[in-house]
Amino acid sequence: MVWKIERWMAEVFPGEENIYEEYRRLPSRELAIVCASVLDVALAELLSMRLRDNRKEAEDFLGLNGDGRAPAGSFGARIQLAVLVGLLTPEDAAVFRKVKALRNLFAHRVKIDFTSPAVVTVLLELHKIWIKRNEHLLDRQYLKGNTAALAQMGAQIPTDPIAGEAFLLVVFGVYHAYLHRLHSLVRPVKLVVHET
């Protein structure tokens, strides 16, 4: 096996109880980049489990050998593929794409923080998606409570960098734990035609 990127469950996942502690002390830039990287490697691993059992083809396709030029070797391609194979809903993908946008801002700009206008814009877009996502889950009774605390956090995002960091940690923590639970449910696709 030529898997060269980190293995999410074996090397990255700190356990559901430790997600917040593992990441909360990271500096701002590192937090934005690492959160996206963790979700990216989680998708890579889940996708490898979902694809037909042909290791070499899956590794080459997903870029598990470290080749970012692979058809699904980028975070964006993995998000799209995860939707197409049923690992993420389109709503989940919208969240992941905003996390990816934050990562790109922090990775490709020198002078940036959680109160930079471009970051605030993406965080507020993510916040709007997150509120809708939570309202949907509340309506279906998958969650209890309300979105008042989330709305209050959103009001603080433009002026308080800690609010932006905390919000990203909330989103990241929820998806990190969700993908962990999903890990045991992922099954490979079945062969449609018979091999000769």
Side-chain angles (χ1 to χ4, degrees), residues 1-23 26-27 29-109 122 126 129-130 133 168-196:
M1 187 172 219
V2 295
W3 192 308
K4 293 183 182 174
I5 67 172
E6 291 173 303
R7 291 186 178 270
W8 174 58
M9 285 298 287
E11 299 172 8
V12 176
F13 188 71
E16 284 184 273
E17 299 81 24
N18 300 324
I19 292 171
Y20 179 72
E21 285 301 315
E22 181 82 11
Y23 300 100
L26 293 176
R29 179 182 300 272
E30 196 172 335
L31 176 68
I33 294 169
V34 168
C35 286
S37 296
V38 169
L39 295 177
D40 184 15
V41 77
L43 280 185
E45 187 165 318
L46 292 171
L47 285 165
S48 74
M49 295 166 53
R50 183 79 172 125
L51 297 178
R52 185 166 173 256
D53 189 22
N54 185 325
R55 284 185 170 166
K56 171 109 175 73
E57 290 292 334
E59 288 168 357
D60 290 349
F61 184 74
L62 294 170
L64 302 180
N65 57 3
D67 186 354
R69 298 167 301 162
S74 71
F75 191 21
R78 290 178 183 146
I79 293 167
Q80 188 173 26
L81 183 59
V83 172
L84 294 173
V85 300
L87 291 175
L88 294 178
T89 67
E91 295 80 12
D92 294 327
V95 170
F96 275 56
R97 287 179 175 125
K98 292 301 175 191
V99 171
K100 176 182 163 273
L102 287 170
R103 179 209 55 194
N104 289 349
L105 287 170
F106 278 93
H108 300 292
R109 295 193 182 181
V122 174
L126 176 58
I129 294 167
W130 194 248
R133 191 81 179 113
L168 178 59
L169 269 172
V170 166
V171 172
F172 169 71
V174 167
Y175 273 102
H176 205 35
Y178 170 72
L179 295 174
H180 172 255
R181 289 187 190 111
L182 188 62
H183 190 271
S184 64
L185 303 174
V186 176
R187 302 287 179 264
V189 295
K190 301 286 186 203
L191 187 62
V192 176
V193 296
H194 295 285
E195 293 183 275
T196 57

### Task
Could you walk me through whether Gln80 and Arg97 pass the side chain to side chain contact (heavy atoms under 4.5 Å, CB included) test, one step at a time?
CA-CA 9 Å; Gln80 188 173 26; Arg97 287 179 175 125; 4.0 Å; yes
### Task
Check the pair Phe96, Arg78 against side chain to side chain contact (heavy atoms under 4.5 Å, CB included), reporting the backbone distance first and the verdict last.
CA-CA 10 Å; Phe96 275 56; Arg78 290 178 183 146; over 6 Å; no
### Query
In Å and rounded to the nearest 0.5 Å, what is the CD to CG distance from Glu45 to Leu62?
11.0 Å
### Query
Going from CG on Leu169 to CG on Leu31, what distance comes out if it is rounded to the nearest 0.5 angstrom?
5.0 Å
### Task
To the nearest 0.5 angstrom, please state how far the CD atom of Glu59 sits from the OG atom of Ser48.
8.5 Å
### Query
Within the side chain of Arg50, is there an N or O that forms a donor-acceptor pair under 3.5 Å with the backbone of Val186?
no
### Query
Say you draw a straight line from NE2 of His183 to NE2 of His180; how long is it, rounded to the nearest 0.5 Å?
8.0 Å
### Query
Any side-chain heavy atom of Val83 within less than 4.5 Å of one from Thr89?
no
### Task
Walk me through it: do Val99 and Phe172 pass the test side chain to side chain contact (heavy atoms under 4.5 Å, CB included)?
CA-CA 8 Å; Val99 171; Phe172 169 71; over 6 Å; no
### Message
Could you measure the distance from the CG atom of Leu81 to the CG atom of Leu46? Nearest 0.5 Å is fine.
### Response
11.5 Å
### Query
With a cut-off of 6.0 Å (strictly less than), are more than 12 heavy atoms of other residues, nucleotides or ligands near CD of Glu22?
yes
### Whether Arg187 side chain and Ser184 backbone form a donor-acceptor pair below 3.5 Å
yes
### Query
Does the side chain of Leu39 come within less than 4.5 Å of Phe75's, by heavy atoms?
yes
### Smallest separation among heavy atoms of Leu168 and Ala32, with atom names
CD2-CA, 3.9 Å
### Message
Does any part of the side chain of Phe106, heavy atoms only, come nearer than 4.5 Å to the side chain of Glu30, both counted from C-beta?
### Response
no
### Query
Yes or no on side chain to side chain contact (heavy atoms under 4.5 Å, CB included) for Leu47 and Phe61, after CA distance, side-chain angles and deciding distance?
CA-CA 10 Å; Leu47 285 165; Phe61 184 74; over 6 Å; no
### Task
Could you check if a side-chain atom of Val189 sits within less than 4.5 angstrom of a side-chain atom of Leu51, using non-hydrogen atoms only?
no
### Message
Show the nearest heavy-atom pair for residues Ala72 and Ala77, with the distance to one decimal.
### Response
CA-CB, 3.7 Å
#### Entry: Shortest non-hydrogen separation from Ile129 to Lys98 and the atoms involved
CD1-CG, 3.9 Å
### Note: Asp92-Arg133 ion pair, threshold 4.0 Å (strictly below)
yes
### Message
For a quick test of reading the model, state the closest non-hydrogen atom pair linking Ala70 to Asp60 and the distance between them.
### Response
CB-O, 3.1 Å
### Message
I need the minimum non-hydrogen distance between Arg29 and Arg109, along with the two atoms involved.
### Response
NH1-O, 2.8 Å
